[in-house]
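Structure first, commentary second.
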Amino acid sequence: MPAVRAQVHQVSKKMGRAQALWQVEDVFGAGQVHGIIGPNGAGKTTLIRVLAGLLHPDEGTVSYDEGGTVLSAADVKRVTGYFPQEPSLYPDLTCREHLEFFRDLYDLPQADFERRAEELLHATGMAPFTDRPAGKLSGGMYKKLGLMCVLLNRPKLLLLDEPTIGVDPVSRQELWDLVYGFAGEQMTVIVSTSYMDEAGRCSQVHVLSSGQMLAAGTPEDVMKHFGVTDFAEIFLNHERK
């Protein structure tokens, strides 16, 4: 089955008095890894939450389709995995207990759960730590556990809000390896980041600044569009204007 395609049409959203998004127009193609890049305060988290259905636009619309078939809000919720900037895990529950909690939440058959959990534990290197409480995990391991919980249900649309923030460089690399290890034709990944070096890891880049979408395309095309050789230059130049 194909992955989910998302289209944002003229979306605006205020958060209090701040204009978090302003007439954002964009398409997130199916089966690709999309990076929403921008500095702090660019509107990345707001856009991710709008895509997840957690926030409703003040103006504009968001639509989703799967292989050309338009999806209802209920269908989108069923096939979407959302990874917030700070995963809300229970510090006293072990890694295994978290996976079992999400098994029940997703109503997964036990055989499917066991197979999927083993696959995820192996891929993340977390198999030796199944009995360790979440509160005693390192920052990188905590993020891995949160990602495992989200991936347990094999979402077709995976939304990751700055998953690598606050972790060491090695853990950042491992988290990206996990994203690409599970991404493919049946999963669309949309990840936000303020780390400019991570833009080059995405197949499609969406440049957000002050709530406005400045450009979108392959990393190479976006850099060519702005006439830069480094993504950080885009925002340095934009702020000077």
Side-chain angles (χ1 to χ4, degrees), residues 1-11 13 21 24-38 43-57 60-88 99 102-103 105-108 112-113 116 119-120 123-124 143-164 175-193 198-199 201-206 208 213 216-218:
M1 294 295 290
V4 172
R5 172 180 176 268
Q7 183 165 0
V8 179
H9 179 63
Q10 294 293 296
V11 165
K13 180 66 181 178
L21 298 174
V24 173
E25 183 85 23
D26 209 351
V27 176
F28 298 90
Q32 296 176 302
V33 176
H34 298 265
I36 301 174
I37 68 167
K44 302 185 299 296
T45 292
T46 303
L47 181 54
I48 287 284
R49 289 177 178 173
V50 167
L51 287 164
L54 300 174
L55 293 175
H56 298 288
T61 59
V62 182
S63 59
Y64 309 84
D65 69 81
E66 184 180 352
T69 301
V70 176
L71 298 177
S72 67
D75 288 335
V76 173
K77 184 177 180 180
R78 178 176 51 81
V79 299
T80 298
Y82 170 60
F83 186 89
Q85 196 171 120
E86 290 295 333
S88 301
L99 292 174
F102 278 85
R103 172 201 62 196
L105 186 66
Y106 295 138
D107 196 24
L108 294 177
D112 291 346
F113 165 73
R116 185 63 169 170
E119 177 186 11
L120 289 167
T124 58
K143 290 290 183 77
K144 287 181 183 179
L145 175 58
L147 190 55
M148 280 195 295
C149 292
V150 174
L151 288 169
L152 196 60
N153 198 34
R154 298 182 182 272
K156 294 186 177 182
L157 176 63
L158 180 61
L159 304 172
L160 308 174
D161 188 12
E162 302 209 49
T164 59
L175 286 165
W176 273 100
D177 289 344
L178 283 174
V179 169
Y180 267 99
F182 288 99
E185 292 183 0
Q186 295 184 351
M187 185 185 295
T188 302
V189 180
I190 304 176
V191 53
S192 67
T193 181
E198 294 186 344
R201 300 175 185 266
C202 305
S203 52
Q204 295 289 313
V205 174
H206 308 258
L208 194 65
M213 192 64 70
T218 66

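Since we're looking at a predicted model, the values are computed, not measured.
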Sub-4.5 Å side-chain heavy-atom contact between Val8 and Met213
no

How many angstroms lie between CG in Leu151 and CG in Leu99, if you round to the nearest 0.5 Å?
10.5 Å

What pair of heavy atoms forms the shortest contact from Val205 to Ala199, and how long is it?
CG2-O, 3.4 Å

Heavy-atom side-chain contact between Leu147 and Leu160 under 4.5 Å:
yes

Sorted by chain and number, sequence neighbours left out, side chain to side chain contact (heavy atoms under 4.5 Å, CB included) with Arg154 holds for Arg116, Glu119

Measure the NZ-CG distance between Lys13 and Leu21 for me, rounded to the nearest 0.5 Å.
9.0 Å

Can you tell if the side chain of Glu25 reaches within under 4.5 Å of the side chain of His9, non-hydrogen atoms only?
yes

CG-CG distance between Leu158 and Asn153, expressed to the nearest 0.5 angstrom:
11.5 Å

Out of curiosity, Asp161 CG to Thr193 OG1, how far, rounded to the nearest 0.5 Å?
10.0 Å

Would you say that Pro163 contacts Val191 through its side chain, given a criterion of any heavy-atom pair below 4.5 Å between the two side chains?
yes

Please name all residues satisfying side chain to side chain contact (heavy atoms under 4.5 Å, CB included) with Ser88, sequence neighbours left out, ordered by chain then number.
none

For Ile36, does its backbone N or O pair with a side-chain atom of Lys44 as donor and acceptor, under 3.5 Å?
no

Expected output: side-chain Tyr180 to main-chain Arg201 donor-acceptor under 3.5 Å:
yes

Set of ring pair (Phe, Tyr, Trp, His ring centres under 6.0 Å) partners for Phe28, sequence neighbours left out
His34, His206

Using the test side chain to side chain contact (heavy atoms under 4.5 Å, CB included), find all partners of Asp112 that sit at least two apart in sequence or belong to another chain.
Pro109, Arg115

What one should report as the nearest heavy-atom pair of Leu208 and Gly43 is CD2-C, 3.4 Å

Check: Glu198 and Ile37 side chains under 4.5 Å, non-hydrogen atoms
no

Sequence neighbours left out, what passes side chain to side chain contact (heavy atoms under 4.5 Å, CB included) with Thr218? Give chain and number order.
Gln204, Glu220, Asp221

Residue pair Ala3 / Lys156: nearest heavy atoms and the distance that separates them
CB-O, 4.0 Å

Minimum heavy-atom distance between Leu178 and Ala123, given as atom pair plus value:
CD2-O, 3.5 Å

Identified side chain to side chain contact (heavy atoms under 4.5 Å, CB included) partner of Tyr64 from the options Val4, Asp75, Thr188:
Val4

So which atom in Cys202 and which in Trp176 form the shortest heavy-atom distance, rounded to 0.1 Å?
SG-CH2, 3.6 Å

Exercise answer: donor-acceptor pairs, residues 77-86 side-chain atoms, under 3.5 Å, sequence neighbours excluded:
from  : atom 1 : to    : atom 2 : distance (Å)
Thr80 : OG1    : Val76 : O      : 2.6
Gln85 : NE2    : Thr45 : OG1    : 3.4

Side chains of Cys149 and Tyr106: does their closest heavy-atom pair fall under 4.5 Å?
no

Which distance, rounded to the nearest 0.5 Å, do you find between the CD1 of Ile190 and the CD of Gln32?
10.5 Å

Hey, what do you get for NZ (Lys143) to OG1 (Thr124), rounding to the nearest 0.5 Å?
15.0 Å

